[in-house]
Amino acid sequence: MAEAADFRETFQVTPQESPSAPALRRSRPLAVLLAGVLLFLGLAQLPAAPPAHAEPIGSRTAGVSVNSLTPAAPTQSDKITITGTVTNNGKSVITDAHVGLRVGSLLSTRSDIDDIAGRTGYSPASDGTELSGHTQKIDKLPPGITREFSLSLPAKDLGLDKDGIYPLGVTLSGQTADQPYDRVLGIKRTLLPWQPSAGDGKKTQLTFLWPLISSTRLTGRTEPDQQQTPIFRNDDLTAELAPGGRLQQLVALGKDLPVTWVIDPDLLATAEAMTKSYQVAGPGGSTTPGRGQVIAKQWLSQLQNAVANHQVVALPFGDPDLASLAHRGKDVPGALAHLQPATELAATTVDTILGVKARTDFAWPVDGAVDSSIVDVATSAGAHNVIARSDSLRESGGSTYAPTAARQIGGGNTAVVADARLSTAFQGDLTRAGDASLAVQQFLAQSLMVNKQTPENERSIIVAPQRMPTTSQAQAMAAALHALSDGRWTQPLDLGDAAKAKPDPSANQQVPGPGSYPAALRARELPAQAFQDIQRTQNTLDGFKVILTAQDRVVTPFGNTIMREMSSSWRGDSAGGAAFRGGVQDYLQGLTGQVQLVKKSDATLSGRSATIPVTVKNGLLQGITGLRLELESSQPNRLSVDKSQPIKIEGGHSQTVKFETRAYANGPVVVRARLYTADNQQFGQTMTFTVHVTSITPMVLLVIAGGVLLLVLAGLRIYLKRKRSGARPAGNDGPGTGGEGGRDGDGNGDGEPGRDGARTMDTGTPSGEQSGPGEKVEH
């Protein structure tokens, strides 16, 4: 059937190919019928194999995997070994099969390297002829069966006479029952970077960033004990730090590599917290003991040794998402204020835990994607070097030339632009050996091609891989760097030195505008609501810390947690980020609620004046101070209260304060109790209670009214007495009246005018009584 199909194809002619196409179409049924007859009679002899210029039918029947190529960058004296597997993906048994090698034509561009991985069909013109004498026979291969192969040959047998990058094809050739002739049934290409010696050109200075970053694990919660035992979201970090885990492998592999370590200090702080007692959050607020103490201690010890002789760059604590801050957070008041403390904390954390001085003047936006707003935010906290990527800061005119990474972008800031192809070489699933091997070969090929672009110019190239490489990705990265260790076309360079390199004059120095940020990355950013939540938590913390006598017990853990809320690790996990932020706010609110006014029942006033007790409870482990308690009467004309009392309570205790009250009228009065901080901000909720004034009885009111009446009558009597005294004519008094120069009643003058009247008021003479002539008033 296949032969018949191929035969029919020779009769297919399109209208554009010939003006006689209609006639050919009319004769096609006859030709097909004739071919069928000839085949039946055995008179028509079809060719045993397809013509050389076409891709043979069945070149994808078998799958070929190249699992290793060692050495990855061979020299002339090396022996090359290629291992892998072949699999029969067809429905027929493959017989008379063998694996062979084919060297393709020298590649000339970086795009050619990219295309190699996508090509699957065999093409004799580009894949070359099979190397004679270097094949391996494969036993009969039934459908679905896989067999291994291993080919070894001296590198000189490849016949490569010119430096550069060659496609190296591994093919499976054989026969099947329906096509009993030898042909290529499957092919897999890899890349062979060929530069046996250092050559005459200058080496490329290569900076490889080795990221040590993880997702957020520590919550803001701690156990209610004196040690403040931390509570983790989960215990997954233990597996990453354990032997064979992702972070353990990064440390073990990076120890002997020429790399610049890029570390999130939050990871160090989290691992350090694991070295002591810690708890893991469970359902319903429950916790269980963590089990990673020994593993965390071992990992930190290994990391200290690994970074001892390397440059360390510390990202701001928690690895804040700079792009999200620039696009969603900068309009939220106070959001950008967290970046400077995060940068300062980064330096002290690395120094304290690892004992090294880390550089904090580098910012690394996600995937190296930058725009002008991101650069503004990144440099606002003192990071004057921004790690970008060449697919974001593109060269003008679509140039494929890779310039030196450093370039000045204004304001005294430098963009260090990582090469996009090299930086993305190890992405994707590299758990299969074939995929990992191809990634290594592509990386080496691209690095050599960069060097070949202008071998007379010394350039500085930066590789900034994904933030959190998997174990298999890290192993592939390490394999590529080991292959470059002999320094034939590259030499290692620290990131700090790369940032100081002299820029290429023609390199793009123009940072793109905000509209150029990739839509796919923007869709994964932290929302504006995240920064509003963060600021709400910060405001709550600011209002809480002012009353604490040991502020660091609350400010430090919550301050660090707020930084974690901005982490790049929340990208693409909006639900997880929102739950984390909500949990932090709820826990902080719960702590502030430990300082509260004890609910008071309604009171009855037992007299005109009395005291009202109000209790403040401190459920914290530390003391509080700087608070004052104020009572406010809703009806001061009925009941007045003292305004405020200072509050100072030791941890775990309560304080009852008494307020003096004065009642003026019967009836219920609502009283409001509030706590205020020293800066006159209300703390906590208002507590209200009712005071019932019932002690002002009618009898009491009658007594009070009688007393008031007596006072009024006494005043009136005095007033009238004075009025009569003032109306008596001067010098017209009888004997003894004591006029001017006269004498008193006993004939002794004292010369004081009006003295008799004064004496009468002083002795309290009843109203209406007069002193007769010659009477003496008794004192």
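The analysis underlying the following values was restricted to heavy atoms, covering all of them including side chains, and did not include hydrogens, waters or symmetry mates.
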*Quick one: list whatever passes ring-ring contact (aromatic ring centres under 6.0 Å, His included) with Tyr587, sequence neighbours left out.*
Phe558
*For Val616 and Ile649, work out which heavy atoms get closest and say how close.*
O-CD1, 3.4 Å
_Residue pairs passing the side-chain hydrogen bond (donor to acceptor under 3.5 Å, both in side chains) test where at least one lies in residues 612-631, sequence neighbours excluded_ = Thr615-Thr656, Arg628-Glu630, Arg628-Asn680
*Kindly write out the residues that satisfy side chain to side chain contact (heavy atoms under 4.5 Å, CB included) with Lys658, not counting sequence neighbours, or none if the list is empty.*
Thr611, Pro613
*Could you point out which residue of Ile263, Ile213, Ile387 forms a side-chain contact (heavy atoms from CB on, under 4.5 Å) with Leu315?*
Ile213
*Grab the two heavy atoms, one from Pro646 and one from Gln655, that are nearest each other, plus how far apart they are.*
O-NE2, 3.8 Å
_Consider side-chain contact (heavy atoms from CB on, under 4.5 Å). Of Val377, Asp371, Val375, which one does Ser373 pass it with?_
Asp371
_Residues which pass ring-ring contact (aromatic ring centres under 6.0 Å, His included) with Phe232, listed by chain and number, not counting sequence neighbours_ = Tyr278
*Can you sort out the partners of Asp533 under salt bridge (charged side-chain N to carboxylate O under 4.0 Å, His left out), two or more places apart, ordered by chain and number?*
Arg581
*How long is the span from the OG atom in Ser634 to the CG atom in Leu639, to the nearest 0.5 Å?*
8.5 Å
*Kindly write out the residues that satisfy salt bridge (charged side-chain N to carboxylate O under 4.0 Å, His left out) with Arg553, not counting sequence neighbours, or none if the list is empty.*
none
_Flag side-chain contact, heavy atom, 4.5 Å: Met566 against Phe531_ = yes
*Applying side-chain hydrogen bond (donor to acceptor under 3.5 Å, both in side chains), which residue pairs with at least one partner in residues 291-304 are found, sequence neighbours left out?*
none
*Between Asp321 (side chain) and Ala323 (backbone), is there a donor-acceptor pair under 3.5 Å?*
yes
_Glu272: which residues meet the side-chain hydrogen bond (donor to acceptor under 3.5 Å, both in side chains) condition with it, sequence neighbours left out?_
Lys276
*Between Thr260 and His310, is any pair of side-chain heavy atoms under 4.5 Å apart?*
no
*Which pairs pass side-chain hydrogen bond (donor to acceptor under 3.5 Å, both in side chains) with one or both residues in residues 279-289, sequence neighbours excluded?*
Glu223-Thr287, Gln279-Thr287
*Which residues share a side-chain hydrogen bond (donor to acceptor under 3.5 Å, both in side chains) with His384, sequence neighbours left out*: Asn413
*Once the angle between the rings of Phe426 and Phe208 is folded into 0 to 90°, is it parallel (under 30°), tilted (30 to 60°) or perpendicular (over 60°)?*
tilted
_My understanding is that only residues two or more places apart in sequence, or in another chain, count here; which of them pass salt bridge (charged side-chain N to carboxylate O under 4.0 Å, His left out) with Arg524?_
none
*Under 6.0 Å from the CG atom of Asn309, do we count more than 12 heavy atoms belonging to anything else shown?*
no
*Is any side-chain heavy atom of Thr690 closer than 4.5 Å to a side-chain heavy atom of Val671?*
no
*Could you list the residues that satisfy side-chain hydrogen bond (donor to acceptor under 3.5 Å, both in side chains) with Gln340, not counting sequence neighbours?*
Glu344
